[in-house]
Novice: 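Below are the structure tokens for one structure; questions will follow.
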Amino acid sequence: MKGFTGPIYSYLAAVLVSMVLVSLLLALFRIPIFETYTLLITGSLGSMTKLGDTLMVSVPLIIASASLVITFKAGLWNIGVEGQIIAGAVAASFIARELQMPTQILLPAMIGAGFLGGAFWGLLVGLLKIRGGVNEIFGGLGLDFVATGLVVYLVIGPWSRKGIASTSGTEPFHENAWFPTVEGFRLSPLAVSVSLLVVLMVIFVFNRTQFGLKLRSIGLNPNSSYRFGIPTSRYILTALVLGGAVAGLAGVTQVASIHHRLVPSISGGYGFLGILVVLLAGYRPFLVIPIAFFFSMIAIGSIQWQLRLGLHSSLGGVFQGTLVLSVVLISAMRLLRQRREKHVKTEE
Amino acid sequence: MRFKLLPCVLVLLFTLGACSSSGDIDSDSFKLGLILVGPQNDHGWSQAHFEGASYAVNKTGGELITIDKVNPADSPNVTVPQIVDDMISQGANLIVATSDDMKDGVLEAAAAHPDTPMIWASGDTAWSDGEDYRSDLKSLGNVMGKMEYGKMIAGCAAALQSDTGNISYLGPLINAETRRLVSSTYLGAKYCWETVKGKSVSDLKFKVTWIGFWFNIPGVTQDPTVVVNDFIASGSDVIISGIDTTEAIVVAGQAADSGKAVWAIPYDYEGACSEAAAVCLGVPYFNWGPSYHKIAKTVIDGNFKASFEWIGPDWDDMNNHDSSAIGFMKGDGLTSDNSKSLDEFIEKLAKGDLNLWKGPLNYQDGSAFLPDGKEASDKDIWYLSMLLEGIEGASTTE
């Protein structure tokens, strides 16, 4: 299992290729190409408000991606990240709904609860793998569905609005449970700080600790690691718990800084999108930030495509998909060229 | 001479100033921002709003700015306040949010932009007698059609056509709006079953199943296609839709193609019968155009005032696109005899000879809702807290 580990220019080439492909699509439907791209940039960066919105979309994506770096580096396909985000959101929502406390106490309690909620969901994936022999892909996917079911049950059942049974969400939390924002904007410095701290923590763990080194070793070759005396099962379990805990923080930011309530689709698909981000970043945590930010630019900027040009709202998704395919294509071409060169050298 | 002219010049300047500050907008530069919860071509709720807003802008001049699928499942990155900000920066003079699901977002946006006229369709925050009145939000009005009439007609059509007396209602989510619409449908069905067909109400089975939201969200709501198939399997021969999309009539059409005697009544959008015309008994639909045009005109003229508008049909011609807020378009599936009976029912409603929201009426649990002879007030109907007696299905989650 490997991500795309090409040099920076290969990413730029991928962006260019995807832009060319999307431009061809736009030209086919006689849509102004230059204006479309201009709107993408002005729509996501054109004002402090828009920059703030883009940053806020990047927050859960960065955190989810950082969580995936931990498990992917340990050789674990943690598809259960969506469920872990949801579990974090549910735990934070429980605190927000049940405890009447000042913001200074409530927000750290929500963050702590989200961390533990995500960790618990990660632990379940780990136990299924270690004790039950269930591959983390299947265990994680199953727990994603369980988490979604749990939220729907809560939203339509015990946490439903008075006299209403709707999957649209719970009552908004009391403002004490909202992450504070910069006045006049939706930007929450706390949420942005949490995302950056998480990335720094992941960088630290993998570059400065024995634990990180051993996880990388397990990711590269679990059998050899075991023979060298690393307790692989324990490390795998720890990686899934830690990854889940970090993912849970993404859930906290979703309920406390975006929706201010629990909704069934609280994960926002950021877990699955995070998989693409991490693959594109080649598991390098520092690259997660710019790639996630670029994805967020597309998500926010593409709103303008519908508002100003009347384009279909799914075009942003087409652009993201084309970008990923372009990176895959260029990465494959590069690998093919390297193999040919190696083959030629061997023959010589 | 110069000094004598000065007062006249000042008066003229003040007069011009007064004109320009009255809030008048050049109709060509008028922009209406429309926020839809579903796709704008859903043949249901969202398309009805889109066509209503298009009608308004065609009449007033100007431009329509639309964004669709604004809900957390389809657009997790998009919130209503964010869209409102964008629309205002694009020059929108009037913004219409079209779903009860947008309540929190539109309240936040209205508080942040107190000078921009906004409408929250289907809401009640501008109703001074209402339970959710927000006197602080001076720029936020509400508009809603009295669909209760459309649903009563739908219920009557269902009862007239049904052979089995087994009628099913595909419900969206449970709230006061959906409770009153289901109850209106039942009242129409009960009246026509008993009075027109002369059958006993004990032979009428009226069941509602709620999917959990206004449209299907895979993995979150119940699948409406599965629910409708269950209705048909349990012997229902008329399916009435209360959701924003067209699964009821589509599945009924498929069942009819395979030889079953099933009919359907879709909802929201005038053209919804086209999904399976042969099984369609008719469609109660919203015609938002006249209301949106009226509101847009007040914005252009500079005299917009946030108000709560709950508008009934134009009884002279409820399918008049220029005057009626709701309508009922009969479908090909309705027999000519039943069509005549339905016309007579509509006429009684139009003349005021028939008020089905009149006691004695009980709640579903048998407790009294209206004593004998008492007519329900608008508040009684709008905030109906429980389904009426005779309806099978959940009233709340409690």
Side-chain angles (χ1 to χ4, degrees), chain A residues 43 46-47 49-50 52-54 56-58 60-61 144-145 148-149 151-152 155-169 171-172 184-186 254 258-261 263-270 273 295-296 298-300 302-308 310 312-314 316, chain B residues 33 35-37 39-40 64-79 81-83 85-87 89-90 92 99-105 107-108 112 171-179 210-214 217-222 383-386 394-398:
Chain A
S47 68
T49 306
K50 291 188 191 312
D53 289 344
T54 306
M56 288 310 291
V57 167
S58 72
L61 187 53
D144 287 348
F145 285 113
T148 303
V151 177
V152 172
V155 164
I156 211 161
W159 290 358
S160 64
R161 295 180 186 226
K162 189 171 177 284
I164 294 175
S166 164
T167 53
S168 62
E171 284 283 2
F185 300 95
R186 285 177 285 273
Q254 281 288 90
I258 305 287
H259 295 284
H260 302 133
R261 59 183 176 143
V263 299
S265 48
I266 193 69
S267 72
Y270 289 119
L273 195 57
F295 271 45
S296 307
I298 296 173
I300 293 294
S302 63
I303 296 168
Q304 299 302 316
W305 292 349
Q306 191 179 9
L307 285 173
R308 309 243 174 190
H312 198 273
S313 50
S314 58
Chain B
I35 309 174
L36 300 172
V37 69
Q40 67 185 46
L64 175 64
I65 311 164
T66 309
I67 186 157
D68 65 358
K69 298 202 277 185
V70 178
N71 66 79
D74 284 318
S75 312
N77 313 311
V78 178
T79 62
Q82 199 177 317
I83 294 298
D85 282 356
D86 271 337
M87 286 179 162
S89 71
Q90 206 177 326
S99 173
D100 92 309
D101 187 43
M102 297 173 183
K103 179 181 180 182
D104 302 324
L107 294 182
E108 189 181 328
L173 47 87
I174 310 176
N175 66 12
E177 177 189 339
T178 59
R179 279 191 290 266
W210 309 98
I211 66 162
F213 197 62
W214 295 103
I217 303 174
V220 173
T221 61
Q222 285 201 65
Y383 296 110
L384 188 71
S385 59
M386 194 185 288
S395 273
T396 62
T397 53
E398 290 143 20

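No hydrogens, no waters, no symmetry mates; every other heavy atom, side chains included, goes into these values. Letters A, B, ... are given to chains in the order of the sequence lines, protein chains preceding strands, and every chain is numbered from 1.
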Novice: Can you tell me which of A/Val151, A/Ile258, A/Val152, A/Thr49 forms the most heavy-atom pairs within a distance under 4.5 Å of chain B?
Specialist: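 Greatest number of close heavy-atom pairs with chain B: A/Val152.
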
Novice: Find the distance between CD1 (A/Ile303) and CD1 (B/Ile83) and round it off to the nearest 0.5 Å.
Specialist: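 It comes to 5.0 Å.
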
Novice: Which atom names give the shortest non-hydrogen contact between A/Gly163 and B/Arg179, and what distance separates them?
Specialist: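 Distance-wise, the nearest heavy atoms are O-NH1, 2.9 Å.
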
Novice: With chain A, which of B/Gly33, B/Pro81, B/Ser99, B/Gly105 has the greatest number of heavy-atom pairs at distances under 4.5 Å?
Specialist: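 Highest number of pairs under 4.5 Å: B/Pro81.
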
Novice: Between A/Ser168 (side chain) and B/Asp101 (backbone), is there a donor-acceptor pair under 3.5 Å?
Specialist: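 Answer holds: no.
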
Novice: What part of A/Arg261 gets within 4.5 angstrom of chain B, counting heavy atoms only: side chain, backbone, both, or neither?
Specialist: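 Only the side chain of A/Arg261 comes within 4.5 Å of chain B.
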
Novice: In Å and rounded to the nearest 0.5 Å, what is the CD1 to CD1 distance from B/Ile174 to A/Ile156?
Specialist: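 These two atoms lie 7.0 Å from each other.
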
Novice: Just so I understand: if I count every heavy-atom pair under 4.5 Å between each of B/Met386, B/Lys103, B/Gln90 and chain A, which residue has the most?
Specialist: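 Top count of heavy-atom pairs under 4.5 Å with chain A: B/Gln90.
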
Novice: Do side-chain atoms of B/Gln82 reach the backbone of A/Asp53 as a donor and acceptor pair under 3.5 angstrom?
Specialist: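 Side chain of B/Gln82 to backbone of A/Asp53, a donor-acceptor pair under 3.5 Å: no, none is there.
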
Novice: Hey, is the main chain of B/Leu173 close enough, under 3.5 Å, to the side chain of A/Ser166 for a donor-acceptor pair?
Specialist: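 Between the backbone of B/Leu173 and the side chain of A/Ser166 there is no qualifying donor-acceptor contact (under 3.5 Å).
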
Novice: Please classify the contact between A/Ile300 and chain B as side chain, backbone, both or neither, with a heavy-atom cut-off of under 4.5 Å.
Specialist: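 The side chain, not the backbone.
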
Novice: Looking only at heavy atoms, what is the nearest atom pair of A/Ser265 and B/Ala73, with distance?
Specialist: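 Distance-wise, the nearest heavy atoms are OG-N, 3.4 Å.
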
Novice: Could you look at A/Tyr270 and say if it's the side chain, the backbone, both or neither that has a heavy atom under 4.5 Å from chain B?
Specialist: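 Side chain only.
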
Novice: For A/Gln306 and B/Asp68, work out which heavy atoms get closest and say how close.
Specialist: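 Of all heavy-atom pairs spanning A/Gln306 and B/Asp68, the closest is NE2-OD1, 2.6 Å.
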
Novice: Select one option (side chain, backbone, both, neither) describing which atoms of A/Glu171 are under 4.5 Å from chain B's heavy atoms.
Specialist: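 No part of A/Glu171 comes within 4.5 Å of chain B.
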
Novice: Got a second to check how far B/Thr79's OG1 is from A/Arg186's CZ, nearest 0.5 Å?
Specialist: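 So the OG1 of B/Thr79 and the CZ of A/Arg186 are separated by 5.0 Å.
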
Novice: First locate atom CG of A/Leu307, then atom CD1 of B/Ile67, and finally report the distance between them rounded to the nearest 0.5 Å.
Specialist: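 The CD1 atom of B/Ile67 is 4.5 Å from CG of A/Leu307, to the nearest 0.5 Å.
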
Novice: Please identify, among B/Val78, B/Asp85, B/Asp100, the residue contributing the most non-hydrogen atom pairs under 4.5 Å to chain A.
Specialist: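 Most heavy-atom pairs within the cutoff with chain A belong to B/Asp85.
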
